[in-house]
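Inspection log for the structure reproduced underneath, given as structure tokens.
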Amino acid sequence: MSTRDEMLARIRRNQPAPCALPDVPTFETVGTDLRAHFKAGVERMGGRVVDERESSAQSLIARLFPDAAVICSATPEVAGNRALDPRRAPAELDGVDVGVVRAVFGVAETGSVWLTDAQFRVNALGFLSQHLVVLLDPACIVENMHHAYRRRAEFDAAYGVFMTGPSATADIEGVLIHGAQGIRSMTVILG
């Protein structure tokens with residue numbers, strides 16, 4: 001038996017008995033109006049929320065981005081004019097004016113949305129588009145990150161990200177610039 005194998009055998013023999021993990025509280029803080037808290041969180045991070053249930057997502061996007069020449073959609077609700085093909089180079093999405101995705105859920109406390117490779121279809125869509133439109137079912141808003149982490153089944157993905165507003169950076173003088181390294185704006189359409 002090698003020294004390595006002997007050491008690993010000793011570690012295995014001397015491990016403590018397994019015990020159950022403690023219950024972690026969910027720290028209820030924002031109350032019952034999750035929609036309003038989510039909207040405030042998105043706006044605090046430089047994004048916007050549109051809550052117009054009478055309009056279709058397609059017509060809202062046309063109204064919100066009238067100058068958009070290239071729309072790329074990963075959702076069946078919105079027809080884009082550029083096909084989203086996972087077999088093509090992700091860098092080809094650099095000319096997309098508006099990218100459209102549907103979030104798995106949103107987090108009211110932070111204004112974040114959970115997106116995985118299944119929603120993006122091509123991960124670069126969420127970062128190379130000039131403007132990102134996120135469709136979100138209001139029933140899928142959770143109170144805080146503690147509630148979000150309890151949705152473990154939705155974390156089983158090759159890639160996932162909590163997106164919270166558009167890309168932003170500030171220089172030494174405190175000038176805030178949106179879109180310096182990614183999307184210039186993030187719009188969440190509830191519905």
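Because only heavy atoms are used, hydrogens play no part in the values below, and waters and symmetry mates are left out as well, while side chains stay in.
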Test of understanding: clusters of I, L, V, M, F, W, Y form through side-chain heavy atoms closer than 4.5 Å, transitively. Do [X] and [Y] belong to the same one?
X: Met186; Y: Phe38; value: yes
X: Val134; Y: Ile141; value: yes
X: Val49; Y: Leu60; value: no
X: Phe120; Y: Val104; value: no
X: Val142; Y: Val188; value: no

Beyond-backbone contact of [X] with [Y], side-chain heavy atoms, under 4.5 angstrom:
X: Arg184; Y: Pro166; value: no
X: Leu8; Y: Arg10; value: no
X: Asp97; Y: Ile71; value: no
X: Thr26; Y: Glu143; value: no
X: Val101; Y: Leu132; value: yes
X: Met145; Y: Val107; value: yes
X: His37; Y: Leu34; value: no

Minimum-distance pair of heavy atoms, taken over all atoms of [X] and [Y]:
X: Val113; Y: Ala103; answer: CB-CB, 3.8 Å
X: Val96; Y: Cys72; answer: CG1-CB, 3.8 Å
X: Thr187; Y: Val50; answer: CG2-CG2, 3.7 Å
X: Ala57; Y: Val78; answer: CB-CG2, 3.7 Å
X: Asp137; Y: Arg102; answer: N-NH1, 3.5 Å
X: Leu84; Y: Ala74; answer: CD2-CB, 3.6 Å

Please round to the nearest 0.5 Å and tell me the distance separating atom [atom1] of [X] and atom [atom2] of [Y].
X: Ile189; Y: Leu136; atom1: CD1; atom2: CG; value: 10.5 Å
X: Arg121; Y: Leu125; atom1: CZ; atom2: CG; value: 9.0 Å
X: Ile61; Y: Ser73; atom1: CD1; atom2: OG; value: 7.0 Å
X: Ser112; Y: Met45; atom1: OG; atom2: CE; value: 7.5 Å
X: Phe127; Y: Ile183; atom1: CZ; atom2: CD1; value: 8.0 Å

>> Does Arg48 qualify as a cation-pi partner of Phe65, given the criterion of NZ or CZ under 6.0 Å from the six-membered ring centre and within 45 degrees of its axis?
In response: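 Relative to the ring axis of Phe65, which defines the angle, Arg48 lies inside both limits.
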Is a donor on one side and an acceptor on the other found under 3.5 Å between the side chain of [X] and the backbone of [Y]?
X: Asn144; Y: Glu109; answer: no
X: Ser129; Y: Gly126; answer: no
X: Glu43; Y: Ala40; answer: no

Check: residues 154-163 side-chain donor-acceptor pairs under 3.5 Å, at least two apart:
{"from": "Glu154", "atom 1": "OE1", "to": "Arg151", "atom 2": "NE", "distance (Å)": "2.6"}
{"from": "Glu154", "atom 1": "OE1", "to": "Arg151", "atom 2": "NH2", "distance (Å)": "3.3"}
{"from": "Glu154", "atom 1": "OE2", "to": "Arg151", "atom 2": "NH2", "distance (Å)": "3.0"}

>> By the salt bridge (Lys or Arg N to Asp or Glu O under 4.0 Å) test, which pairs, at least two apart or in different chains, include something from residues 56-75?
In response: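 The answer is Glu52-Arg63.
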> Who passes side chain to side chain contact (heavy atoms under 4.5 Å, CB included) against Glu92, sequence neighbours left out?
Replying inline: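 With sequence neighbours excluded, Glu92 shows a side chain to side chain contact (heavy atoms under 4.5 Å, CB included) to Arg88, Ala89, given in chain and number order.
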>> For Gln119 and Thr116, which I'm curious about, is there any donor-acceptor pair between the side chains at under 3.5 Å?
In response: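 Yes, a side-chain donor-acceptor pair sits under 3.5 Å.
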> Given the rule in the salt bridge (charged side-chain N to carboxylate O under 4.0 Å, His left out) test, do Lys39 and Asp51 qualify, once you have shown the distances and angles that lead to the verdict?
Replying inline: CA-CA 9 Å; Lys39 182 178 181 184; Asp51 191 358; over 6 Å; no
